[in-house]
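What follows is a set of notes on a single structure, which appears directly below.
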Amino acid sequence: MTMRKSQRKHQRKLPSAQSFELSYIAALVFGAGIGAYIFGTLNLWFSGMPGIARSVEGALAGGIVAIELYKWLHGISLRTGARFALPLAVGVAVGRLGCYFAGLEDFTYGTPTTLPWGHDFGDGVLRHPVQLYESLAMAAFAAFYVVMVLNRNAAVITNGFYLVLFYYGLQRFVWEFIKPYGALIGPLSLFHLLSLFVMVYAAIMLATAPNVSLKHERAAA
C-alpha cells in the first residue's frame with residue numbers, strides 16, 4: 001500500500017500532468033501577457049516612440065518568471081517545459097513572418113543596409129529584414145530538434161525547452177545589434193539585456209538538469 005501511494009504521489013508531480021493543469025496554464029498565460037506588454041512598451045519608450053507594444057521575448061521572460069513562481073509556491077521541483085520546445089521554435093518562426101509582412105508599423109524591422117537582400121518596408125529605405133533572419137534561425141532549430149527526436153537523442157529531448165530558450169536568446173542577442181532600438185547600457189538595448197536573462201536562465205537549468213531516462217522524458221515531452 002505504501003508503495004502504491006508513493007507511486008501515485010510521484011505521478012501527480014510528473015511534468016506531463018502539471019503542465020496541463022488549469023492553474024499552471026493560467027499562470028503561464030498571465031505571466032506571458034504581462035511580460036509581453038511591459039517589455040514591448042518599455043522598448044518603444046526607450047526608443048523615443050510613444051504608444052503600447054508587445055514583445056515575444058517579453059512574453060517569454062514573463063512566462064518564465066510566472067512559472068518558476070508557480071512551481072515554487074506549489075513545491076514542484078520537476079521540469080515542466082519539455083513539451084513546449086518544438087511549439088516555441090515553430091511559433092517564433094511563423095510569428096516573425098507575420099512581423100515581416102506587417103511592415104513599418106510593427107517596429108520589428110532592422111537598421112538600414114546596402115546588402116542586396118535589404119528590404120524596403122514602404123518608406124524607400126532598404127533595411128535588414130531581421131524578422132526573416134529570426135524566422136530562419138528558429139526554423140533551423142525546429143528542424144534540428146525534430147531530427148534529434150526521431151533519432152531518440154535523450155539529451156536533446158530531456159533538455160529541449162532550455163536548449164531552445166538558450167538558442168533563442170543567443171540569436172536574438174545578435175539580431176538586436178541591427179535593430180533601431182534605443183540603447184540602455186553602452187550599445188545594449190532592453191532586448192539585449194532580456195536576451196542575456198533568457199540565456200542565463202537556460203544555462204542554469206541546463207547545468208542543473210537531472211539525469212532523466214528517455215522513457216520518462218518521452219512521457220513528459
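For Leu60, the side-chain contact (heavy atoms from CB on, under 4.5 Å) partners two or more places apart in sequence, or in a different chain, are Leu88, Leu165, Tyr168. A search for salt bridge (charged side-chain N to carboxylate O under 4.0 Å, His left out) contacts involving Asp120 returns nothing, not counting sequence neighbours. The ring-ring contact (aromatic ring centres under 6.0 Å, His included) check on Phe39 picks up nothing, with sequence neighbours excluded. Remark: Ser23 engages Tyr70 in a side chain to side chain donor-acceptor pair (under 3.5 Å) (not counting sequence neighbours).
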task = Show your working on side chain to side chain contact (heavy atoms under 4.5 Å, CB included) between Met199 and Arg172 and close with a plain yes or no.
result = CA-CA 10 Å; Met199 283 191 288; Arg172 181 70 186 261; over 6 Å; no
Val156 and Phe144: side chain to side chain contact (heavy atoms under 4.5 Å, CB included), yes or no, with the steps? CA-CA 10 Å; Val156 172; Phe144 160 79; 4.1 Å; yes
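For residues 49-64, every residue pair satisfying the side-chain hydrogen bond (donor to acceptor under 3.5 Å, both in side chains) rule, not counting sequence neighbours, is listed here: Glu57-Ser195. For residues 89-98, every residue pair satisfying the side-chain hydrogen bond (donor to acceptor under 3.5 Å, both in side chains) rule, not counting sequence neighbours, is listed here: Arg96-Glu134. Residue pairs that meet the salt bridge (Lys or Arg N to Asp or Glu O under 4.0 Å) test with at least one member in residues 139-151, sequence neighbours left out, do not exist here. Pairs passing the salt bridge (Lys or Arg N to Asp or Glu O under 4.0 Å) check and including a residue from residues 30-43, sequence neighbours excluded, do not occur.
Taken from OH in Tyr181 to CG in Leu188, the straight-line distance is 15.0 Å, to the nearest 0.5 Å.
The closest side-chain heavy-atom distance from Val56 to Val92 is below 4.5 Å. Between Tyr100 and Pro129 the shortest side-chain heavy-atom distance falls below 4.5 Å. Side chains of Thr111 and Lys179 form no contact here, defined as non-hydrogen atoms less than 4.5 Å apart.
Grouped by direct or indirect side-chain proximity (heavy atoms under 4.5 Å, Ile/Leu/Val/Met/Phe/Trp/Tyr only), Tyr37 sits with Ile52. Grouping Ile, Leu, Val, Met, Phe, Trp and Tyr by side-chain contacts under 4.5 Å, direct or through others, puts Leu115 with Trp117, Val130, Tyr133, Val174, Trp175, Ile178. In this structure, Trp72 shares a hydrophobic cluster with Leu73, the cluster being traced through Ile, Leu, Val, Met, Phe, Trp and Tyr side chains under 4.5 angstrom apart.
Aromatic ring pairs are classed by plane angle as parallel below 30°, tilted from 30° to 60° and perpendicular above 60°; the pair Phe121 and Tyr109 is tilted.
For an aromatic pair to be called close, the ring centres must be under 6.0 Å apart, and Phe177 with His192 satisfies this.
Considering Asn43, Leu42, Leu190 in turn, Leu190 is the only one that fulfils the side chain to side chain contact (heavy atoms under 4.5 Å, CB included) rule with Leu184.
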Residues 136-143, side-chain donor-acceptor partners within the protein, below 3.5 Å, at least two apart:
none

